[in-house]
Amino acid sequence: MPAQVVTRIAPSPTGYMHIGTARTGLFNWIFARKMGGKFLLRIEDTDRTRSTPDATDAIFRGMRWLGLEWDDEPVSQFERAARHAEVAHQMLAQGAAYKCFASQDEIAAFRETAKAEGRSTLYLSPWRDADPATHPDAPYVIRLKAPREGVTVIEDVVQGDVTFKNSTLDDMILLRSDGTPTYMLAVVVDDHDMGVTHVIRGDDHLNNAARQSHIYTAMGWPLPVYAHLPLILGPDGKKLSKRHGATGVEEYQKMGYPAPAMRNYLARLGWSHGDDEFFTDAQAREWFTLEGINKAAARFDFKKLDNLSGQHIAAMDDMSLMGEIEAYLTAIDASELSETQKDGLLRAMYCLKASARTLPQLLEKAAFVLGERPFLPDEKAARNLDSVSRGMLNELTPHLQSVSWNREALEATLGEFAESKNSKFGQLAGPLRAALSGRAATPSVFDMMLVIGRAETLARLQDAAA
Ligand code: GLU
């Protein structure tokens with residue numbers, strides 16, 4: 001094992017950050033942090049039409065929200081083009097690559113003939129072994145002189161040894177005729193120059209690994225450790241797509257999943273530690289191993305995410321939860337909380353966080369501290385405020401004027417009052433919820449009364465009774 005582990009995430013800007021990229025980033029981040037190594041970010045921005053500042057920014061935003069802080073400055077692949085070309089020329093000089101002058105037409109014709117004759121259509125360039133003295137003064141590409149015989153074996157920590165017949169790997173282009181590097185070359189040169197020791201990425205790149213390994217070999221560079229992660233599927237076992245629901249990280253932020261819950265869920269998606277479903281970042285770091293990554297594709301389970309989200313909200317300390325709520329409100333372009341609202345939220349947090357699965361659910365239940373008098377009942381709550389209920393609230397008010405303001409006393413007072421009305425407390429609860437918050441779904445009436453205090457409780461009851 002090298003002295004220091006270096007991992008990276010190398011997203012291509014697509015306009016948003018896919019959940020699969022986020023999971024790959026997360027695994028790289030956890031592993032680097034666990035090993036006391038570095039986690040680097042490289043933007044694969046060679047496709048100039050897609051690599052807009054906005055698209056790059058979407059990646060930064062997604063990474064930051066998920067808390068995947070990277071080390072050093074992000075690397076732009078595009079800006080390293082000269083270095084990529086330099087390596088291609090070095091390989092040329094060493095005889096590990098060659099100039100190919102074949103035109104598009106010639107290549108197409110080669111393929112036609114091969115197809116007609118039932119041979120492999122993999123292009124075999126006649127320039128591979130040509131004497132440089134015969135080279136024309138014409139545009140050329142630089143191709144890798146890939147081994148034609150034998151096999152290439154990629155030792156993958158997740159997939160095991162994967163064997164590729166060299167006869168199925170072509171002499172891929174390293175440098176195009178306009179002097180720009182291909183993706184395959186750029187990835188290897190960047191990973192090498194950045195000192196990447198572990199390449200952890202989606203298994204859609206497994207084939208690339210075989211071809212990329214030839215560049216490492218040609219340059220005499222040590223191969224990184226490979227770990228290719230299985231795909232993320234939708235609940236129906238098909239490749240995760242918009243059809244199944246959100247695929248972009250920011251959409252999850254806007255749905256109100258707190259970042260620690262998202263990290264936990266994504267970590268579980270394709271990796272496991274016994275039966276543990278809920279864990280903290282520290283536990284993930286402690287438990288994570290590349291060997292623990294599942295070989296089979298993972299299925300996205302929205303219910304499980306909801307479940308974990310609820311557990312994280314309940315477990316989070318109030319200040320961190322407040323930070324998540326503020327980030328959420330910013331993400332959905334909602335107005336900021338006032339100091340009074342924050343104050344109310346913090347006082348109510350203990351009774352809000354136990355039952356909310358998402359931040360909007362928590363905020364919905366927080367209406368009684370976020371709103372102001374008069375609390376106009378919404379449609380559901382209004383059904384609990386008919387004239388009989390209003391009369392009951394009116395009668396209740398004097399009983400609350402002198403009672404000690406603690407849970408036991410309030411429970412006893414409300415219980416006795418309900419009994420005196422020959423009704424159950426349950427029948428009193430609906431009107432009280434409606435009066436105290438204008439909503440039907442709220443924390444318990446006792447919690448609400450304790451949080452807002454006597455004067456405010458009495459005022460709200462009177463508002464509703466009037
Ligand atoms: N840019 C590639 C992608 O977004 C990742 C390349 C790599 O990880 O080697 O799929």
Side-chain angles (χ1 to χ4, degrees), residues 5-32 38-52 54-63 66 68 70 74-81 83-84 87 152 154-159 162 164 172 174 180-216 219 221-232 239-241 247-250 266 270 290 293 297:
V5 163
V6 179
T7 66
R8 48 60 162 191
I9 178 76
S12 314
T14 53
Y16 75 118
M17 188 173 188
H18 192 272
I19 210 78
T21 309
R23 183 191 60 164
T24 303
L26 179 73
F27 284 9
N28 277 283
W29 176 75
I30 297 178
F31 185 64
K38 275 191 170 192
F39 169 58
L40 305 178
L41 171 61
R42 178 172 74 237
I43 306 292
E44 305 220 305
D45 51 358
T46 46
D47 179 344
R48 297 318 281 167
T49 52
R50 303 189 88 181
S51 302
T52 60
D54 262 3
T56 308
D57 210 48
I59 294 169
F60 293 149
R61 281 200 309 270
M63 298 276 293
L66 272 177
L68 308 183
W70 59 91
V75 172
S76 155
Q77 186 158 69
F78 173 71
E79 285 171 14
R80 294 181 33 82
R83 166 66 180 151
H84 304 146
V87 171
T152 298
I154 293 296
E155 293 171 27
D156 191 277
V157 186
V158 179
Q159 317 279 342
V162 188
F164 298 84
M172 64 182 173
L174 302 171
T180 58
T182 57
Y183 166 71
M184 295 293 253
L185 174 68
V187 168
V188 173
V189 175
D190 290 347
D191 281 343
H192 171 264
D193 289 2
M194 290 162 73
V196 172
T197 58
H198 291 69
V199 169
I200 306 166
R201 63 185 174 191
D203 70 3
D204 46 335
H205 289 282
L206 187 56
N207 276 302
N208 291 346
R211 306 168 90 211
Q212 289 167 356
S213 73
H214 296 151
I215 303 178
Y216 282 97
M219 291 301 292
W221 292 340
L223 271 182
V225 174
Y226 283 113
H228 285 92
L229 313 173
L231 274 181
I232 301 178
K239 191 176 167 182
L240 184 71
S241 72
T247 54
V249 169
E250 281 187 292
L266 288 178
L290 296 177
I293 296 172

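Every number for a ligand or one of its atoms is a count from 1 in the order of the listing. Since the structure is predicted, the reported quantities are computational estimates derived from the model, not experimental observations.
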For ligand 1, what N or O to protein N or O distances fall under 3.5 Å?
{"residue": "ligand 1", "atom": "1 (N)", "partner": "Ala10", "partner atom": "O", "Å": "2.7"}
{"residue": "ligand 1", "atom": "1 (N)", "partner": "Ser12", "partner atom": "OG", "Å": "2.9"}
{"residue": "ligand 1", "atom": "1 (N)", "partner": "Glu44", "partner atom": "OE1", "Å": "2.6"}
{"residue": "ligand 1", "atom": "4 (O)", "partner": "Ser12", "partner atom": "N", "Å": "3.4"}
{"residue": "ligand 1", "atom": "4 (O)", "partner": "Ser12", "partner atom": "OG", "Å": "3.3"}
{"residue": "ligand 1", "atom": "8 (O)", "partner": "Arg8", "partner atom": "NH1", "Å": "2.6"}
{"residue": "ligand 1", "atom": "9 (O)", "partner": "Arg8", "partner atom": "NH2", "Å": "2.9"}
{"residue": "ligand 1", "atom": "9 (O)", "partner": "Arg201", "partner atom": "NH1", "Å": "2.8"}
{"residue": "ligand 1", "atom": "10 (O)", "partner": "His205", "partner atom": "NE2", "Å": "3.0"}

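- Heavy-atom minimum distance, Leu174 versus Leu185: O-CD2, 3.4 Å.
- Closest heavy-atom contact between Pro230 and Asp203: CA-OD2, 3.4 Å.
- In summary, Asp190 and Arg8 do not engage in a salt bridge, as defined by a charged side-chain N under 4.0 Å from a carboxylate O.
- Counting heavy atoms of neighbouring residues, nucleotides and ligands inside a 6.0 Å radius, atom CZ of Phe78 does not exceed 12 of them.
- Looking only at distances, a side-chain donor or acceptor of Ser213 sits under 3.5 Å from a matching main-chain atom of Ala210.
- Thr247 contributes no side-chain N or O that, together with a main-chain N or O of Ser241, makes up a donor-acceptor pair within less than 3.5 Å.
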